[in-house]
**Student:** 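Before we start, here is the structure in question, set down as structure tokens.
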Amino acid sequence: MCQGPLHEFLRRLPKCEHHVHIEGCLTPRLIFELAKRNNISLPDPKDNPAYASPEALDERYNHFTNLDDFLGFYFIGMSVLHNTSDFEDLAWEYFQHAHADGVHHAEVFFDPQAHVNRGVSYNAVVAGLTAACQRAERLFGMTTKLILCFVKHLPVEDAKKLYSQAQASGHFTSGMVHGIGCSSTEVGPPKDMFREIYASAKSKGIPLTAHAGEEGDSTYIRAALEIGAQRIDHGIKITQDPELMKKVAREGIMLTVCPLSNVRLCCFEKVEQVPIRAFLDAGIRFSINSDDPAYFKAFILQNYCAVQEAFDLTVDEWRTISENSVKGSWVNDARKSELLRLIDEHVKKYEY
Ligand code: ADE
Ligand code: ZN
């Protein structure tokens with residue numbers, strides 16, 4: 001945790017989180033607990049010693065070598081989620097952490113393809129997550145949105161089937177599921193893998209985001225924008241393309257940056273290399289997020305603190321980051337005004 005003079009300022013700063021995978025909130029402790037309760041086997045420790053105990057798994061998480069190395073653990077971890085109540089408990093744990101870290105608005109990814117493939121019903125997943133969202137709204141006054149994330153390592157036909165199911169369930173029209181994203185392995189699958197789904201969703205006014213430019217180069221970001229993404233998750237490789245930086249700044253496209261994730265997954269050696277200063281200088285809108293807090297051992301506040309330690313930002317620069325993260329949120333104008341007012345009230349206490 002940062003020791004700097006702005007720590008208390010950062011802790012109390014009203015935050016929006018736009019990039020957190022709910023399955024990335026599954027701690028080793030909960031993985032082992034749910035595996036036992038749901039009678040689901042984890043890999044044999046003889047084949048993979050990381051699964052000898054929650055402690056061994058936690059230790060292995062200190063040594064991810066790249067995105068795909070992490071994803072191997074991430075998709076095994078989520079295989080223990082079975083009942084609606086598992087999803088509710090998991091999301092509720094996240095919301096409690098987020099609330100403690102000063103999150104007022106949270107947009108949460110979930111990966112239903114990985115659950116449906118194991119025989120868990122799509123409706124069971126959404127029901128559990130929705131129950132936790134409603135609880136967070138009721139008890140914490142948080143606003144929440146669910147973002148259905150398609151995954152790039154599974155067949156696109158599976159994604160299309162799931163998209164049809166989500167449409168048929170009426171979740172997009174009811175608002176139970178707010179938007180669409182895509183994630184998982186980046187380099188390898190076609191950059192425009194979800195072109196048809198994105199075109200259909202765009203025609204229906206469903207908000208779209210996409211993971212791009214995390215391990216892949218800046219052409220992945222161009223491809224994501226070209227198929228209709230309105231936000232970019234990560235987007236750190238955009239500095240390779242100055243023209244694209246200008247376009248993203250001009251059009252107010254938000255990048256949802258996850259600094260500690262980038263270090264844990266070896267995109268950068270240290271937070272100082274995340275292009276936070278370049279984004280501020282270029283007028284690029286971005287938010288700071290946790291991505292997979294149980295795997296990277298850091299929730300949103302630790303990411304804010306890590307950025308502060310690396311870049312020694314001013315209160316005014318934090319005001320800009322916070323206001324931009326509200327402007328890039330998928331909430332109505334009344335809620336945006338309320339969040340901006342909360343930020344203004346907070347920042348004024350620290351301005352001289
Ligand atoms: N799924 C969960 N975390 C991810 C990440 N950092 N990149 C791509 N897909 C993910
Ligand atoms: Zn992510």
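These numbers were taken from a predicted model, which means no experiment stands behind them. Whatever order the structure lists ligands and atoms in, that order sets their numbers, starting from 1.
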**Student:** Around atom 1 (N) of ligand 1, find the nearest protein heavy atom and jot down its residue, atom name and distance.
**Tutor:** His21 CE1, 3.5 Å

**Student:** Relative to ligand 1, is Glu186 under 4.0 angstrom through side chain, backbone, both or neither, heavy atoms considered?
**Tutor:** neither

**Student:** Using a 4.0 Å heavy-atom cut-off, say whether Thr185 meets ligand 1 through its side chain, its backbone, both or neither.
**Tutor:** neither

**Student:** Say whether His115 and Arg118, considering side chains only, have a donor N or O and an acceptor N or O under 3.5 Å apart.
**Tutor:** yes

**Student:** Hey, are Glu157 and Lys160 close enough for a salt bridge, meaning a charged N less than 4.0 Å from a carboxylate O?
**Tutor:** yes

**Student:** Any idea how Phe73 and Tyr51 line up, ring-wise: parallel (<30°), tilted (30 to 60°), or perpendicular (>60°)?
**Tutor:** parallel

**Student:** Against ligand 1, does Ser184 come closer than 4.0 Å with any heavy atom?
**Tutor:** yes

**Student:** Would you check if the Zn ion (ligand 2) lies under 2.8 Å from any N, O or S atom of Asp291?
**Tutor:** yes

**Student:** May I ask you to list the atoms of ligand 1 that are less than 4.0 angstrom from any heavy atom of Phe70?
**Tutor:** 2 (C), 3 (N), 4 (C)

**Student:** Is the Zn ion (ligand 2) less than 2.8 Å from at least one N/O/S atom of His211?
**Tutor:** yes

**Student:** Does any non-hydrogen side-chain atom of Glu317 lie less than 4.5 Å from one of Arg277?
**Tutor:** yes

**Student:** In His21, the N, O or S atom nearest to the Zn ion (ligand 2) is which?
**Tutor:** NE2

**Student:** Using a 4.0 Å heavy-atom cut-off, which part of Glu214 comes near ligand 1: side chain, backbone, both, or neither?
**Tutor:** side chain

**Student:** Run the salt-bridge test on Arg231 and Glu107 with the 4.0 Å N-O cut-off and return the result as yes or no.
**Tutor:** yes

**Student:** So, Asn289 side chain and His18 main chain: donor-acceptor pair closer than 3.5 Å or not?
**Tutor:** yes

**Student:** Under 4.0 Å, heavy atoms only, figure out whether ligand 1 is touched by the backbone of Asp111, its side chain, both or neither.
**Tutor:** neither

**Student:** Against ligand 1, does Phe109 come closer than 4.0 Å with any heavy atom?
**Tutor:** no

